[in-house]
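Below is one structure, written out as structure tokens; comments come after it.
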Amino acid sequence: MDIKNLDEVAPFITKDGSEIRELLAYRNSTILNQSLAEARLPAGASTQEHYHIKTEEIYYITHGAGRIRIEGEIREVRPGDAVAILPGQKHKLWNTGDGTLRLLCCCAPAYEDADTVITETVAGV
């Protein structure tokens, strides 16, 4: 049985500037074809706009409030929202709330920095 607890997983910063805790992926578990991580953005922070060459993602918002832009369309997000992001779609996430924005990120195939293409140079834009 392969079980990981969020409180026991060390955080790291991804290429787009998110702080994530990778719960399950080929790097730390028996999972081979996808990954599950929790991402955190502090109040007022944002990711850099980017896309993934091969990876599709699902963001599931668990805490806080934010705004997401996918290919030019902007929507507000809140706890309970699930967001589909297809390979090649440029996307950016902002924390618009007072506390930390927290979300689960499901990636298939598993998240890789090498699959991430940054499309802006300043995180706040």
Side-chain angles (χ1 to χ4, degrees):
M1 187 175 302
D2 196 357
I3 298 173
K4 304 286 188 256
N5 186 282
L6 184 63
D7 294 334
E8 298 168 359
V9 177
F12 68 94
I13 304 300
T14 61
K15 192 171 179 179
D16 72 3
S18 302
E19 176 188 289
I20 71 167
R21 288 166 175 77
E22 194 166 58
L23 287 157
L24 295 170
Y26 71 90
R27 287 173 279 270
N28 67 353
S29 74
T30 57
I31 292 295
L32 298 177
N33 301 310
Q34 59 184 317
S35 62
L36 174 65
E38 184 201 57
R40 298 180 185 185
L41 274 178
S46 67
T47 63
Q48 285 184 282
E49 184 186 76
H50 64 285
Y51 68 89
H52 304 284
I53 299 164
K54 295 184 282 186
T55 301
E56 69 179 20
E57 294 184 287
I58 298 170
Y59 286 1
Y60 181 75
I61 310 301
T62 60
H63 298 80
R67 180 181 314 118
I68 191 161
R69 181 176 67 216
I70 301 174
E71 287 297 322
E73 182 179 353
I74 298 174
R75 297 274 304 266
E76 300 298 317
V77 291
R78 59 187 173 83
D81 287 343
V83 181
I85 305 168
L86 300 177
Q89 287 187 317
K90 292 181 201 173
H91 54 285
K92 180 180 179 84
L93 182 64
W94 291 266
N95 181 341
T96 60
D98 296 330
T100 300
L101 178 63
R102 294 172 58 176
L103 56 143
L104 295 176
C105 299
C106 304
C107 296
Y111 176 83
E112 297 289 347
D113 274 351
D115 186 52
T116 303
V117 177
I118 302 297
T119 56
E120 72 177 357
T121 57
V122 179
V125 176

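Predicted model only: the values in this text are computed from it and were never measured. Along the sequence shown, residues carry numbers from 1.
With salt bridges taken as basic N to acidic carboxylate O contacts below 4.0 Å, none links Glu76 and Arg78. Here Arg21 pairs with Glu19 in a salt bridge; the nearest charged N to carboxylate O distance falls below 4.0 Å.
The line from CG of Asp113 to CZ of Phe12 is 7.0 Å long, rounded to the nearest 0.5 Å. Distance check: Leu41 CG to Asn95 CG gives 6.0 Å after rounding to the nearest 0.5 Å. To the nearest 0.5 Å, the span separating OG1 on Thr116 from NE2 on His50 amounts to 5.5 Å. For the atom pair OG (Ser18) and CG (Leu93), the distance works out to 7.0 Å, reported to the nearest 0.5 Å. The line from NZ of Lys92 to CG of Asp16 is 9.5 Å long, rounded to the nearest 0.5 Å. Taking OH from Tyr26 and CG from Asn33, the interatomic distance works out to 11.5 Å, rounded to the nearest 0.5 Å.
Considering every non-hydrogen atom in both Ser29 and Leu24, the closest pair reads CB-CD2, 3.7 Å. Taking every heavy atom of both residues into account, Ala84 and Gln89 meet most closely at O-OE1, 4.2 Å. Scanning both residues, Gly97 and Ala43, for their nearest heavy atoms gives O-CB, 3.5 Å. The shortest heavy-atom contact between Ala110 and Ser35 is CA-OG, 3.6 Å. Minimum heavy-atom separation, Ala37 to Glu22: CB-CA, 3.7 Å.
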Evaluate the criterion side-chain contact (heavy atoms from CB on, under 4.5 Å) for residue pair Ile118 and Lys15; output intermediate values, then yes/no. CA-CA 8 Å; Ile118 302 297; Lys15 192 171 179 179; 4.1 Å; yes
Test side-chain contact (heavy atoms from CB on, under 4.5 Å) on Leu104 and Leu36 and set out the steps. CA-CA 7 Å; Leu104 295 176; Leu36 174 65; 4.3 Å; yes
Does Leu6 form a side-chain contact (heavy atoms from CB on, under 4.5 Å) with Arg102? I'd like the steps, not just the answer. CA-CA 12 Å; Leu6 184 63; Arg102 294 172 58 176; 3.7 Å; yes
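Residues Trp94 and Arg67 meet the side-chain proximity criterion, which asks for heavy atoms closer than 4.5 Å. Using a 4.5 Å heavy-atom threshold, the side chains of Val117 and Ile53 count as touching. No side-chain heavy atom of Asp81 sits under 4.5 Å from any side-chain heavy atom of Tyr60.
When hydrophobic clusters are built by joining Ile, Leu, Val, Met, Phe, Trp and Tyr residues whose side-chain heavy atoms come closer than 4.5 Å, directly or via intermediates, Ile85 is grouped together with Leu101. Residues Ile58 and Val83 do not share a hydrophobic cluster, clusters being chains of Ile/Leu/Val/Met/Phe/Trp/Tyr side chains in contact below 4.5 Å.
Of the listed residues (His52, Arg27, Lys54), just one forms a side-chain hydrogen bond (donor to acceptor under 3.5 Å, both in side chains) with Glu112, and that residue is Arg27.
Heavy atoms of other residues, nucleotides or ligands lying less than 6.0 angstrom from NZ of Lys90 number 12 at most.
Relative ring orientation between Tyr59 and His91 is described as perpendicular, the plane-to-plane angle rising above 60° on a 0-90° scale split at 30° and 60°.
With Thr119 contributing its side chain and Glu49 its backbone, the two residues share a donor-acceptor pair below 3.5 Å. Counting only distance, with no hydrogens or angles, the side chain of Glu57 and the backbone of Cys107 share no donor-acceptor pair below 3.5 Å.
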